[in-house]
Amino acid sequence: MLSQSEILQTIKMIEEQNLDIRTVTMGISLYDCARGDMKEACTLIRSKIERMAKNLVRTAKDIEEEYGIPIIHTRVAVTPIAQVAAATGARSYVPFALALQEAADSTGISLIGGFSALVHKGSSESDKVLVDSIPEALSRTGKVCASVNVATTRAGINMDAVKTLGHTIRKAAELSADTSGSACARLVVFANAVEDNPFMAGAFHGAGEPECCVNVGISGPGVVREALKKVRGMKFDDVAEIIKKTAFKITRMGQLVAQEASKRLGVPFGIVDLSLAPTPARGDSIAQIIKEMGLEMCGAHGSTAAIALLNDAVKKGGIMASSHVGGLSGAFLPVSEDSEMAKCAASGELTLAKLEAMSCVCSVGLDMIAIPGDTPAATISAIIADEAAIGVMNNKTTAVRIIPVPGKKAGDWVCFGGLMGEGPVMAVSGLDCSAFIERGGRIPAPLQSQKN
Amino acid sequence: MRAIVTVIGRDKVGIIAAVSAVLAACNANILDISQTVLQEYFAMVMLCDLSKISVPFTELKRKLREKGEEIGLEIRIQREDIFNAMHRV
C-alpha cells in the first residue's frame, strides 16, 4: 500500500499548494465545415463543436470529483478559422466568431481558441480578412480567442503582418475600452506557434492534428516553490534535482487525467503540456519561485538564469512522466496573472526589457502585459518583431499578448478581473520605431533554418 | 475501483467508527487502515474496495463529507490511481 506520507503529500499539494489541472482542451477539426455559404458554414461549425464537446464539461467534472484533483478549465481549440472560412469569400469573419461563441456557451466551456491565421510567410486573402475581423470579433464575444502566427524559424518574420498587428491590437483595445482593453487578453501573436497547445489564448487545432483529440495542460508553481523550501542554501544541482522530481509527480497526474478524459470522451489523447502556469491566487506564482531561489525579487540580475534552470528542470522531470509531451511546455510569465510578478513590475525592478530577456529561455514571451494606451501601433509592432526574432533565432515558440490600456499611462494600475488578474501599466520606450516598421516585407529565415 | 479515504483533523473518540459506518452502509469494503496521531492532530488513511458499492461514487463522497462536517473533521475520498500515478513508477 502507499505510505501515509505519500498520500498526505498529494493532498497537501492539492489543498495548500494550488496543484491543479489547468485545462482539458479538446481539439476539433473544422475542415469538413468549409462551405461557400457563410451561414451554412457557421451552422455546421456550431453543430459540430456542440456534438463533439457535448460531454467535455461533465466528463471533466466527473474526473475532478473522483480523483479529487481540480480541473480549472475545459476548452475547445478548432482549426484556424482563416482556413475554414476562405471558401466564403466574405469580407468579415465576425459571424464565425459569433458561431464559436454560441458553441462555447451551449457546451459550457470557458474559452474557445482558433480564430486564427498562420501568416508566417505571407497572408492569403482569407488571412487578411481574419486579421481585419479580430478587433470586432473579440470585442463582440467573451470566450473567443484569436491568434496569429507571424514568424517561423523556417520562413522568417512576416513584417507586413507584424505591421498590421500593431494596429489590430490598438483597435481591439479601443473597442473594449470599457473593460480596460481586455479583448487584447484574448489575442496572441506568435512566432513558431505549436499546433497542439491546450493553453489559451493561443490554442488552435493545427493542420497536422487528428479529427479530434484531448490535450491537457498541467500547472503547479505553488508545488515547485514549496519543494524548493527543502533545499534552501543548497547548490543548484540540488535545486534542479528537486524541481525535476516535483515536475515528474505533477506530470504523472496530468497524464493520468489526460488518459482518463480520452477514454471517457472516446477521442484520442494528444499531449500533456508541461507548463507552469501561475494564477493570481496567493502562492501560485513563478515570481515567488525565483525569489525562493535566492533573488530579492523577480527582475533582479540572475532572474534569467533562475528561470532557465526552472524551465529546463521542469521539462526534464516531466518528459518521462508522459507518453506524449507537447504544446508550449515551459514556465509562463503572464505579468497580470501572477500577483507576485505584478508587484515586481509595479516596483519598477521588473522591466519589459528583463521580461524579454527571460522569454529567451522560457515559455512563452511578453504575456499579459499592460502598456500605455497611447503606445503607437509601430511601437507595438516593434515589440512583436523583437519577440518574433527571439523565437525564430532560438528555434522556440515566442508570443506577445499585450494590452494597450485606453486612457492609462505608465505606472497606473489596471484590473482585468478573474484569472486575467491585475497589474501595473508598464513603461515602453518612447523612441520612434515607425520608419523601421514601415519597411514591411519579410525578414529572411536564419541560417539555422537550413537543416536538410 | 479502489479508493483512498483520508480523514484529517483534531483527534476525538469514535472517528473510525463514524467513518466505517458510512462506508459499511454503502457496502464499501475497507482493505487497509493506517493512522497517526501527532499531539492533537489526527490523520487516517483507508484503502477501500468500491467494486460493490450500493450508491454512486459521488453519493458516497457526499455522505462522507457530510459526516466530516458533523464530527468536525475533513473527510475525502479519491480514486487510488492518482496516488499511484504520482508516487509509483
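Quick note: numbers below take in every heavy atom, side chains included, and nothing from hydrogens, waters or symmetry partners. Order of the sequence lines sets the chain letters (A, B, ...), proteins ahead of strands, with each chain counted from 1.
Of the atoms belonging to A:I63, not a single heavy atom falls under 4.5 Å from chain B. B:I77 touches chain A through its backbone: at least one of N, CA, C or O sits under 4.5 Å from a heavy atom, while the side chain does not. Proximity to chain B is limited to the side chain of A:L256, based on heavy atoms less than 4.5 angstrom apart. With a threshold of 4.5 angstrom between heavy atoms, A:Q255 does not approach chain B through any atom at all. No part of A:T251 comes within reach of chain B, as not one of its non-hydrogen atoms sits under 4.5 angstrom from that chain. With a 4.5 angstrom heavy-atom cutoff, A:E15 touches chain B only via side-chain atoms. Only the side chain of B:T6 comes within less than 4.5 Å of a heavy atom of chain A; its backbone N, CA, C and O stay farther away. For B:F57, the part lying under 4.5 angstrom from a heavy atom of chain A is the side chain only. Both the backbone and the side chain of B:I82 come within contact range of chain A, judged by heavy atoms closer than 4.5 Å.
Residue-environment remark: CE (A:M320) stays at or below the threshold of 12 foreign heavy atoms within 6.0 Å.
The aromatic rings of A:F332 and A:F199 stand perpendicular to each other, their planes meeting at an angle above 60°, with 30° marking the opposite boundary.
Between chain B and the residues A:D62, A:I69, A:I11, the most heavy-atom pairs under 4.5 angstrom are made by A:I11. Put simply, of A:Q4, A:M13, A:E260, A:Q9, the one with the most heavy-atom pairs under 4.5 Å next to chain B is A:Q4.
Residues A:E65 and A:K61 are not paired through a salt bridge, judged by the lack of any N-O separation under 4.0 Å between the basic side chain and the carboxylate. A salt bridge does not link B:E66 with B:K63: none of the charged nitrogens is closer than 4.0 Å to a carboxylate oxygen. Checked for salt-bridge contact, A:E50 and A:K54 miss the test: no charged N lies under 4.0 Å from a carboxylate O. Ionic pairing of A:E6 and B:R88 is present here: one or more N-O contacts between side-chain nitrogen and carboxylate oxygen are shorter than 4.0 angstrom. In summary, A:D237 and A:K235 do not engage in a salt bridge, as defined by a charged side-chain N under 4.0 Å from a carboxylate O. Salt bridge status for A:E66 with B:K61: absent, with no side-chain N to carboxylate O gap under 4.0 Å.
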